[in-house]
Amino acid sequence: MQRETVQLALQKCSLSAEELSYIFAGDLQSQCAGTSYGLRPLEIPFFGVYGACSTMAESLLLAAMFMANGIGEYAAAVTSSHFSTAERQFRFPLSYGGQRPPTAQWTCTASGAVILERPDGDCGDGIGVAGACVGKMVDLDVTDANHMGAVMAPAADTIVRYFGATGTNPTDYDTIVTGDLGWIGS
């Protein structure tokens with residue numbers, strides 16, 4: 001799935017896989033097995049990223065840092081998730097047949113990819129990564145591994161810190177897109 005997503009992104013940019021300097025990619029399997037097997041045929045230098053739900057943001061940030069510093073010509077940031085992978089690996093075995101608590105989440109099967117180029121490249125249309133605010137660990141004493149809304153709630157801290165660091169507020173943006181993993185996460 002990731003290989004098809006990268007190939008589609010390359011096609012939209014009129015690039016070939018050979019033109020990519022790096023791929024920053026990961027999935028919801030903690031050892032990036034799906035990513036490694038899926039992207040291996042492309043034979044592109046690969047950085048495996050595992051940040052669970054933040055894998056795409058981390059991949060995009062790392063790729064943007066490389067490109068901003070002229071380390072390579074083009075880089076891909078890629079991620080995917082696969083239904084029930086995280087559930088099997090981290091929370092509880094699906095084969096157990098236990099009732100899901102109301103706070104449990106369902107993992108989708110999907111993949112996304114973006115291609116970035118160096119700022120001095122000739123393919124740009126003005127869209128790029130202007131900045132980032134890296135999240136930090138915030139302990140809310142959540143002990144229920146199924147309650148992903150509460151586990152992800154500290155992400156709001158990152159958004160607030162970003163506004164403070166940039167001197168902006170929510171009304172300065174057309175849209176703010178963030179994950180909502182439950183009642184607390186919203």
Side chains of I23 and Q2, heavy atoms from C-beta outward: is any pair under 4.5 Å? no
Going from OH on Y162 to OG1 on T158, what distance comes out if it is rounded to the nearest 0.5 angstrom? 12.5 Å
Is any side-chain heavy atom of L61 less than 4.5 Å from a side-chain heavy atom of F24? no
Could you tell me which non-hydrogen atom of G72 sits nearest to which non-hydrogen atom of S21, and how far apart they are? CA-OG, 3.3 Å
Side-chain heavy atoms of L10 within contact of I115, under 4.5 Å: yes
Between Y22 and L20, is there a shared hydrophobic cluster once you connect ILVMFWY residues whose side-chain heavy atoms come closer than 4.5 Å? no
Are any non-hydrogen side-chain atoms of T35 and V78 less than 4.5 angstrom apart? no
Over 60° means perpendicular and under 30° means parallel, so classify the ring planes of F163 and Y173, tilted if in between. tilted
If you round to the nearest 0.5 Å, how far is CD of E18 from CG of L42? 8.5 Å
Which atom pair, heavy atoms only, marks the closest approach of S36 to F46? OG-CE2, 3.9 Å
Beyond-backbone contact of R118 with E73, side-chain heavy atoms, under 4.5 angstrom: yes
For G26 against C32, the heavy-atom pair lying closest together: CA-SG, 4.0 Å
Shortest non-hydrogen contact between M1 and S80, atoms and distance: CE-CB, 4.0 Å
What is the distance from atom CG of L62 to atom CG of L116, rounded to the nearest 0.5 Å? 11.0 Å
Qualifying residues under side chain to side chain contact (heavy atoms under 4.5 Å, CB included), relative to D172, sequence neighbours excluded: T168, N169
Flag the pair L15 / Y74 as yes when at least one side-chain heavy-atom distance between them is below 4.5 Å, and no otherwise. yes
Does Q7 have more than 12 heavy atoms from other residues, nucleotides or ligands lying within 6.0 Å of its CD? yes
With clusters defined by side-chain heavy atoms of hydrophobic residues (ILVMFWY) lying less than 4.5 Å apart, directly or transitively, does I71 cluster with V129? yes
Passing option when T55 is tested against D27, V49, L60 for side chain to side chain contact (heavy atoms under 4.5 Å, CB included): V49
Take M56 and V114, measure what side chain to side chain contact (heavy atoms under 4.5 Å, CB included) needs, and give me the verdict at the end. CA-CA 10 Å; M56 187 61 187; V114 297; 3.9 Å; yes
Compute whether any side-chain donor of one residue and acceptor of the other, for T5 and S111, lie under 3.5 angstrom apart. yes
Work out which heavy atom in V134 is nearest to a heavy atom in R161; give both atom names and the distance. O-NH2, 2.5 Å
Least distance between heavy atoms, P41 atom then R3 atom: CG-NH1, 3.1 Å
Side-chain heavy-atom pair L8, Q11 within 4.5 angstrom cut-off: yes
Whether E19 side chain and S16 backbone form a donor-acceptor pair below 3.5 Å: yes
